[in-house]
Student: 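Have a look at the structure that comes next, please.
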Amino acid sequence: MKLDLEALSALDAVVRHGSFARAAEALHKVTSAVSYQVKKLEEQLNLTLVDRSAYRVRLTAEGEAVLAEGRRLLRQAYQVEALAQQLASGWEARLLVVVDGILPLANTLRALKQLVDEGVPTRVQLKIEFLGGVQHRFEKEQADLMLVKEYQPSALLQAQAKAEVECVLCVAPEHALAQLAAEAGRPLRLEELQDHVELSVQDSSDQGSDRQMFGGERVFYLSGFVAKRQALLMGMGFGWMPRYLVDEPLAAGQLVELPYQGGSRFRFTPWLVQRLDRPPGRAGQRLIELLSRAA
């Protein structure tokens, strides 16, 4: 049996307006047409849905149950129609964004919240990866945008530079390396760092490692930079951290900048990358606009 949504809509109108005549007027139909639709629905379901004996039309108990579920179906049908109209006007069904976990998320989350506030119908997914895993996920899942520390350029990709991110080499003040640097009164050499545990975040593609690593034999790989910061605070080892995540513990003396001959700081330029072979729809364009404002 196929339920007639138009008949459910007619039943809903009859109940809301109190009579077949008023429902017909609201639906821009003749009364007989509305009456026929409701009667046909009753025959389809083999149920009496409307008590026609009183002056004002009332639902039977069966009618109340059917209409309650029918209204849910009608809402879903209206949502599908609205979504189809929005998609036909250029809104994507899906927008997948992949972000490198070393980058600050605040601007991205604010931009996504703005999309929500604007009622964008597109289903948005945000995935966090690290290093080569960002582009690996971008290509594997045919994502629409990526915010990445570094990537392999292609004729099919277009990128715009974002605000620089600064990283600092950190260690807990009670760690042996911090004490060694204080006693030596000079920047530490590479081999001195290599004698200790380095804390790093694993390339989530498992196809490479961070080029900023120091090459020692003992490396602890953490699941992300929040975990890495916690490990640094616990004195487990030393490692690079983006400044925005460690400014407070550095200012509070919970972490210290580790002097190193090769330099204790470096900067990099993140990139917002989009595809040229599949240009973004309205949601993607709006997100790019919002992210560009935040640069």
Student: Regarding Arg52 and Glu42, does a basic nitrogen lie under 4.0 Å from an acidic carboxylate oxygen?
Tutor: yes

Student: Who pairs with Lys127 by salt bridge (Lys or Arg N to Asp or Glu O under 4.0 Å), at least two apart in sequence or on another chain?
Tutor: Glu141

Student: With sequence neighbours excluded, tell me which residues meet ring-ring contact (aromatic ring centres under 6.0 Å, His included) with Phe220.
Tutor: none

Student: If you count every heavy atom of other residues, nucleotides or ligands that lies below 6.0 Å from Asn46 atom CG, does the total exceed 12?
Tutor: no

Student: Run the salt bridge (Lys or Arg N to Asp or Glu O under 4.0 Å) test against Lys113 and tell me which residues pass, sequence neighbours left out.
Tutor: Asp117

Student: Listed by chain and number, what are the ring-ring contact (aromatic ring centres under 6.0 Å, His included) partners of Phe238, not counting sequence neighbours?
Tutor: Phe214

Student: Between the side chains of Arg189 and Glu191, is the shortest nitrogen-to-carboxylate-oxygen separation below 4.0 Å, so that they form an ion pair?
Tutor: yes

Student: Determine, stepwise, if the pair Arg265 / Glu166 fulfils salt bridge (charged side-chain N to carboxylate O under 4.0 Å, His left out).
Tutor: CA-CA 7 Å; Arg265 297 192 180 195; Glu166 184 174 44; 3.5 Å; yes

Student: For Ala178 and Pro173, which heavy atoms make the closest approach, and how far apart are they?
Tutor: CB-O, 3.5 Å

Student: Run the side-chain donor-acceptor check on residues 19-36: report pairs under 3.5 Å with partners two or more places apart or on a different chain.
Tutor:
residue : atom : partner : partner atom : Å
Ser19   : OG   : Arg22   : N            : 3.1
Lys29   : NZ   : Glu6    : OE2          : 2.5
Lys29   : NZ   : Gln37   : OE1          : 3.3

Student: Could you give me the CA-CA distance, side-chain angles and deciding distance for Gln285 and Glu289, then say whether side-chain hydrogen bond (donor to acceptor under 3.5 Å, both in side chains) is met?
Tutor: CA-CA 6 Å; Gln285 291 171 6; Glu289 177 186 353; over 6 Å; no

Student: Is it possible for you to check whether Arg275 lies under 6.0 Å from the centre of the six-membered ring of Phe138, through NZ or CZ, and within 45° of that ring's axis?
Tutor: yes

Student: Under the side-chain hydrogen bond (donor to acceptor under 3.5 Å, both in side chains) rule, what pairs show up with a residue in residues 170-186, not counting sequence neighbours?
Tutor: Arg186-Glu192

